[in-house]
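Right, one structure below, let's go through it.
Quick note: numbers below take in every heavy atom, side chains included, and nothing from hydrogens, waters or symmetry partners. When a residue number appears, it is its place in the shown sequence, counting from 1. Atoms within each ligand, like the ligands themselves, are counted from 1 in listed order.
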Amino acid sequence: MSDGLQICIHKGTDQIGGSCVELQCAGKRIVVDLGLPLDAELEATNLPDIPSINSDDASLVGLLLSHGHRDHWGLLPKLPPAVNIHLGRKTLSIMTAAAPFIPGGYAPAASATYSDGQTFDLGPFKITPYLMDHSGFDAYGFLIEAGGKRVYYSGDIRGHGRKAALFERFIKSPPGNIDVLLMEGSSLGRLRDEERFETETDIETRLFDVMKTTSGMVLVACSAQNIDRVVSVYRAAKRSDRQLLVDAYAAEVLKATDTKSIPKPTLEWGDVKVYIPQAQRRFLKEKNIASLVDAYKGRRVFPEALPGEAARSVMIIRPWMLHDLARAGALDGATAVWSQWDGYLKDEAGIKFVEACAASFIRFETIHTSGHADPHDLKRFSEAVSPKKLVPIHTFHPEQFEGLFANVVRSSDGEWFSA
Ligand SMILES: [Zn+2]
Ligand SMILES: [Zn+2]
């Protein structure tokens with residue numbers, strides 16, 4: 001192989017999930033993302049064939065993580081601990097806070113954090129992170145320069161979230177002279193070319209409408225790590241004179257954002273409280289983290305008070321909590337809002353949740369928008385970057401790229417090409 005910059009998409013040329021890209025220049029390598037495919041089990045999934053991972057030739061100079069979604073970090077637990085992981089400071093903080101609560105939770109042992117716009121070197125690679133709008137918090141794309149070539153990795157992006165200004169900032173002054181753009185295309189095959197996704201502001205309005213017309217508690221089933229969505233829920237709750245209730249997992253994730261404008265159960269946010277379901281109380285003890293709740297002192301709502309608080313509350317839940325809320329007698333007149341990908345409703349837990357809501361006469365609504373750019377915004381993104389080569393990644397429909405974008409060159413998983 002030549003000394004120039006070489007690229008290999010190990011996974012992601014024809015699927016969403018499991019993204020992994022390796023770049024090589026002058027005998028040194030970096031890996032960008034090391035995700036777990038969406039439907040795969042960690043134990044049963046092997047690392048991509050990256051010889052430098054297990055060799056002591058020191059050719060692997062680091063791993064770049066774009067953001068904290070499992071389809072980008074899921075295989076990191078299989079890396080030898082000596083490999084240094086470079087990630088955003090808030091991504092590290094959220095992964096660390098979430099780790100005890102989620103199955104297969106993980107936070108890197110050896111890590112270094114990077115910042116928006118701050119260029120750093122890894123061997124011959126010069127890397128500049130760009131903070132972007134995405135449903136995952138603290139999500140970045142990377143400009144990677146080496147061997148006289150310039151590559152841009154989009155990471156996961158959108159232009160219709162609460163940080164749309166970051167997307168517009170990028171479009172206005174994109175990195176120039178890009179030889180290769182690796183661009184995600186999650187929305188292809190999900191939307192017609194000119195169909196647009198609703199914005200997070202639209203979602204907030206629809207949540208508000210439901211809260212206004214619900215006599216009891218509003219239960220929102222969303223990911224606590226979708227911080228944009230939690231903010232939409234909080235703002236709609238505030239407009240409808242309701243407080244926001246979160247469990248210990250969501251409380252820890254929100255605190256870990258370490259961002260002033262994000263609601264969290266602390267003194268400054270009088271209308272955010274913590275409700276700990278019974279099963280979670282046992283779980284915290286088993287995990288030896290029961291002392292976490294000391295920090296929620298004066299900010300708790302206990303089960304006996306819940307029926308009285310229900311009509312002026314919105315709770316962020318996961319499906320298993322419904323049983324606990326029924327036992328607390330807090331579901332009279334409640335509405336449940338499914339506020340995540342509706343594909344999960346076809347899983348066993350999703351099906352059970354819909355059935356349990358129906359059995360308890362709980363009104364059921366779906367209010368959600370995608371974490372990924374629609375084709376319209378992907379076109380704007382690719383035209384702004386105007387690369388010599390655009391290589392599809394993170395998509396189930398790479399064949400649709402040619403019809404939408406210029407200079408498309410498709411690659412296959414595991415194939416090396418020159419920048
Ligand atoms: Zn993502
Ligand atoms: Zn992704």
Side-chain angles (χ1 to χ4, degrees), residues 9-21 31-40 42 45 48 63-76 85-88 90-95 98 102 104-107 116 129-142 152-164 166-167 170 181-191 197 200 222-231 253 256-257 339-344 368-375 377-378 381 391-398 401 413:
I9 301 177
H10 287 290
K11 216 175 252 311
T13 58
D14 61 358
Q15 64 175 291
I16 297 173
S19 281
C20 178
V21 180
V31 173
V32 184
D33 287 339
L34 191 56
L36 186 67
L38 287 180
D39 48 4
L42 178 63
T45 309
L63 187 141
L64 291 177
L65 178 63
S66 63
H67 65 289
H69 277 159
R70 200 184 291 255
D71 62 316
H72 296 258
W73 67 254
L75 287 177
L76 290 184
I85 317 278
H86 298 259
L87 72 178
K90 293 174 181 181
T91 298
L92 175 61
S93 151
I94 291 174
M95 284 176 82
I102 57 176
Y106 162 86
D116 181 34
Y130 285 71
L131 182 63
M132 295 302 289
D133 183 22
H134 178 46
S135 52
F137 199 63
D138 203 33
Y140 297 84
F142 301 116
Y152 192 84
Y153 175 77
S154 74
D156 287 1
I157 48 169
R158 65 173 171 180
H160 59 272
R162 297 210 160 267
K163 300 175 297 309
L166 293 171
F167 186 83
F170 183 93
L181 168 62
L182 304 171
M183 187 179 81
E184 74 124 308
S186 312
S187 65
L188 304 191
R190 291 185 184 170
L191 281 188
F197 283 129
E200 264 313 307
C222 70
S223 161
Q225 292 197 44
N226 184 344
I227 305 296
D228 273 22
R229 184 60 43 80
V230 175
V231 171
V253 166
T257 60
S339 197
Q340 53 198 311
W341 184 50
D342 60 6
Y344 294 137
H368 182 55
T369 192
S370 174
H372 300 272
D374 49 39
D377 278 340
L378 288 175
F381 185 89
V391 183
I393 189 171
H394 201 285
T395 182
F396 285 117
H397 293 282
F401 273 62
D413 283 2

(request) Name the orientation class of the two ring planes belonging to His67 and His134 (parallel below 30°, tilted from 30 to 60°, perpendicular beyond 60°). (result) perpendicular

(message) Suppose we only count N/O/S atoms under 2.8 Å; would His134 qualify as near the Zn ion (ligand 1)?
(response) yes

(request) Would you mind reporting whether Ser154 and Glu184 have side-chain heavy atoms less than 4.5 Å apart? (result) yes

(request) Please name the atom of His69, restricted to N, O or S, that is closest to the Zn ion (ligand 1). (result) ND1

(request) Using 2.8 Å as a strict upper limit, say whether an N, O or S atom of Glu184 approaches the Zn ion (ligand 2) that closely. (result) no

(message) What is the name of the N/O/S atom of Asp71 that is nearest to the Zn ion (ligand 2)?
(response) OD2

(request) Measure the acute angle between the ring planes of Tyr106 and Trp73, then classify it against the limits of 30° and 60° as parallel, tilted or perpendicular. (result) parallel

(request) Could you pull out the closest heavy-atom pair between Thr13 and Thr395, with the gap in Å? (result) O-CG2, 4.2 Å

(request) Could you tell me whether any N, O or S atom belonging to His72 is less than 2.8 Å from the Zn ion (ligand 1)? (result) no

(request) For Thr91 and Asp138, work out which heavy atoms get closest and say how close. (result) N-OD2, 2.9 Å

(request) Tell me which N, O or S atom of Asp156 sits nearest to the Zn ion (ligand 2). (result) OD2

